[in-house]
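Handing you a structure now.
Reminder, nothing fancy here: chain letters follow the sequence lines and each chain counts from 1. Computed from a predicted structure; not experimentally measured. Heavy atoms only: backbone and side chains are in, while hydrogens, waters and symmetry mates are out.
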Amino acid sequence: MPAAPTPRSPQRRATRRGEDHLDLVAELIEAFADSEDLDATLAAALARIAEALDADAAGLFLLDGTFGDPAARLRCRACVGPVDIRQLQLPADRGIHGRALARNATEWVADAAADPDLLAPASLGIDYTIRSMICAPLSHRDERYGVVELLNPRGRGRRFSARDAELLGLLATAAAIAIRNARLTAALLAQNRLRRELELAADVQRQLLPPTPAGTAPVQGLNRPAHGVSGDFYDALQLPDGRIAFALADVSGKGLNAALIMVKAATLFRSLAKRVHEPGLLLSRIETELCETMAFGMFVTMVIGVYDPASHQIRLANAGHLPALKRAADGGFEEFPATDPPLGIQCRLDNDRYRETTLSIAGGCLYLYTDGASEARDAGGRMLGSEGLKALIERHADAAPGTRLTAIADGLGNDVRDDLTLLVIDDRYAAIEPLAASVRRRSVAELVAQTIPAEAGQLKIVRRLVEAASREAGASVEWAQDLVLAVDEACQNIIRHGYGAAAKAGAALGEKIEFSIRKAADGLEVELIDYAPTVDEQDCRGRALDDVRPGGLGTHLMHALTDRVQFRAPPKGAGNRLVLTKKLVRGFGRADRPAEAGQDADADPGVDHPPHDKGSGSR
Amino acid sequence: MSFKVNDDAGTSTVFLSGEIDLERSPAARKTLLDTLARRQALVVDLRDVSYIDSSGIASLVEAYQKARTANLGFTLAEVGPPVMRVLSLARLDKVFPIRAAG
């Protein structure tokens, strides 16, 4: 518990009576600014105020409920005086404290007996008589947090003066700002926690998507969430008889709710599709299970199909989703729109199952997509629609299915506002790629895992490892050089700013970086775990919540040279977990990003902290 | 760790070499600043630099700023592709006087 504010310095400016209290104001403002335990600081401050103004009793009340709501109460959080009134609750719209709150101004009641609004303590069962009181609102602009009151100045017949009232008003303002700051900080921390949880949820979701098969596998999917978590999913699994069951779905709404429903739908498909091989029946089973937990008004559009490479046929059921798009061997398109409403609408179905369509895709393809694809816009802001999608499919028709989906997604532009999910079943490739290989075992392809001391001399080892892993993954020399530099810069940030070792010759014990490189769905992921202070919490006070990036050229390079720089929830005990992702596309060449790279472009490279700069670099 | 320095009539040339990274950029910086202290125009020859990171770039920026303040010439020479890529990403390719390779 923090100590009560104590007189701070001998430099008192006591020229006239009353100005003495300026010291008290300064002292309390400082105590509030340093406060880590607001309640304790408020209680200590109240005691100091009562003492300074020579009051017999004092109370601090915080508003419980919304100001203006008749049910709102003022709850005592701290008190001074002969009676312990903590836990006392007062109606917020009556009494002199109610008046102070309503008028948002200090109420000075020299003679309490003459004030008709006074709530006599006796009426509350408290044995105390109020002669004189002042009551000031704890408010910041129009926002009310509570009130602080002083009762009965000591000394026979004394009453509070206007100057006393003025001073209490001043002190209440300082306290209100402290309350406001504490609440803002708490809100920021909660937001920060939530963001980390969302990142974890996004991780969980990514793991639910099937592993990326070889680029020439006949069934391929792609998912690009617009934000961290997605309401879309796709899946494909091989049945024991050689057929392939696939699904693509879009959960209504956005955010965590939609993501959780998506997780459930995906899990249901995975488990039920192994036993139920009829798409219409499978959809109705999934709906039954989903409806048990889905909130009213949410729904899921979903297409399920079973593809038989031997007969080149697909059995398809479409529950309220966008039309499936067939491109026949001769290049003609045909759409297969929904035949029943989405899951969650709970309508009565014929035979308790969704209607099925059987189509042949001999030598052709079937495409499924979410509205992230059909509602994407071109550079002129025009929605591409299904015609735009068809044009893209046509343009890339001869590419292998995996490459094709990436090309189509790229062609949809960066202005994809919604989650984007695509699935293709390409009959032409069924013969080429042995089906057993089309859905590979899920394994995390970890190329490198190494713990290094956090010191400059280790960076060349890191560079060699990144280079080797990049080459092993099939990257070009330039691509590898870019990733090497990005990872080097990330390690430097940890060494220089995280562990603050700029001036030190070597790393202290425990100052290490756990460094690993894995194959991701479409490139490489480099993960760096450190034990330095966590980046975000420090930033929480002074910087925008989203701005977790350290400043300077190094950071600019990290962003410019990779596709994603992301702080994820660190493992227990660690400080930070940074993941750099760089995509390998276009025949494993360099994913050429022009050296534009966003907001960092204006960063003055000269202000990056050079290694000889002992100034404390902010992360 | 030191770098070769050539003094010519009115011009000093510093030959940076190898990987100018967090470990070696302090030495590079010292060489550059010490050479500038001779109050001659400075040419930084980068032909043998295989790698440079932000700390190396920061050393070049600092030397360039010092040279300008002291009204001394400052030129980067023989800039190879790896260095040029970093300079252009840092938007410094238009800032530094760069002598075309040749």
Side-chain angles (χ1 to χ4, degrees), chain A residues 454-464 467 477-482 484-496 501-503 505-506 550-562 590 593-597 600-613 617, chain B residues 1 3 16-37 44 46 48-69 74 76 79-98:
Chain A
E455 56 193 34
Q458 298 290 324
L459 292 176
K460 50 183 170 292
I461 298 169
V462 171
R463 293 198 296 269
R464 297 301 163 266
E467 193 181 358
V477 177
E478 293 81 9
W479 193 99
Q481 282 171 348
D482 286 356
V484 164
L485 182 55
V487 175
D488 190 335
E489 296 295 348
C491 291
Q492 286 188 46
N493 263 331
I494 296 171
I495 295 171
R496 289 156 62 184
L553 176 58
T555 305
H556 169 69
L557 292 176
M558 278 158 59
H559 282 267
L561 295 168
T562 63
R590 178 155 98 208
R593 294 187 73 197
E596 33 87 322
D600 288 83
D602 291 329
D604 174 9
V607 302
D608 187 38
H609 308 284
H612 40 269
D613 178 2
Chain B
M1 180 65 58
F3 298 98
L16 294 183
S17 60
E19 302 188 301
I20 309 299
D21 68 350
L22 186 61
E23 189 183 18
R24 293 180 74 237
S25 60
R29 171 181 178 266
K30 186 168 185 308
T31 307
L32 293 172
L33 297 186
D34 288 352
T35 309
L36 271 175
V44 186
L46 297 165
D48 290 328
V49 172
S50 56
Y51 177 81
I52 191 164
D53 70 359
S54 64
S55 70
I57 297 289
S59 303
L60 291 178
V61 169
E62 190 185 353
Y64 175 51
Q65 286 168 340
K66 284 248 158 63
R68 287 223 313 195
T69 311
F74 183 95
L76 300 184
V79 183
V83 178
M84 191 51 103
R85 168 135 178 94
V86 185
L87 286 178
S88 67
L89 281 170
R91 301 274 170 109
L92 289 168
D93 49 342
K94 302 281 185 293
V95 174
F96 284 122
I98 297 176

Take a 6.0 Å sphere around CZ of R68(B) and say whether it holds more than 12 heavy atoms from other residues, nucleotides or ligands.
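No - once you tally the heavy atoms of other residues, nucleotides and ligands closer than 6.0 Å, there are 12 at most.
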Using heavy-atom distances under 4.5 Å, tell me whether I52(B) contacts chain A through its side chain, its backbone, both, or neither.
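For I52(B), the contact with chain A is made by the backbone alone.
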Quick one: are D21(B) and R463(A) in side-chain contact, heavy atoms under 4.5 Å?
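Touching, per the 4.5 Å side-chain cut-off.
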If you take all heavy atoms of Q492(A) and S54(B), which pair is closest and at what distance?
OE1-OG, 3.8 Å
Pair K460(A) + E19(B), salt bridge at N-O below 4.0 Å
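A salt bridge is absent here (no side-chain N lies under 4.0 Å from a carboxylate O).
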Can you see which heavy atom on L89(B) is nearest to which on H556(A), and at what distance?
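Residues L89(B) and H556(A), closest heavy atoms: O-NE2, 2.7 Å.
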Looking at side-chain heavy atoms only, is the closest gap between L459(A) and R24(B) below 4.5 Å?
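Side chain of L459(A) against side chain of R24(B), heavy atoms only: no contact under 4.5 Å found.
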From CG (D53(B)) to CD (E489(A)), nearest 0.5 Å:
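So the CG of D53(B) and the CD of E489(A) are separated by 5.0 Å.
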Part of L557(A) within contact of chain B (heavy atom distance under 4.5 Å):
side chain
Is Y64(B) in contact with chain A via its backbone, its side chain, both, or neither, using a 4.5 Å heavy-atom distance?
neither
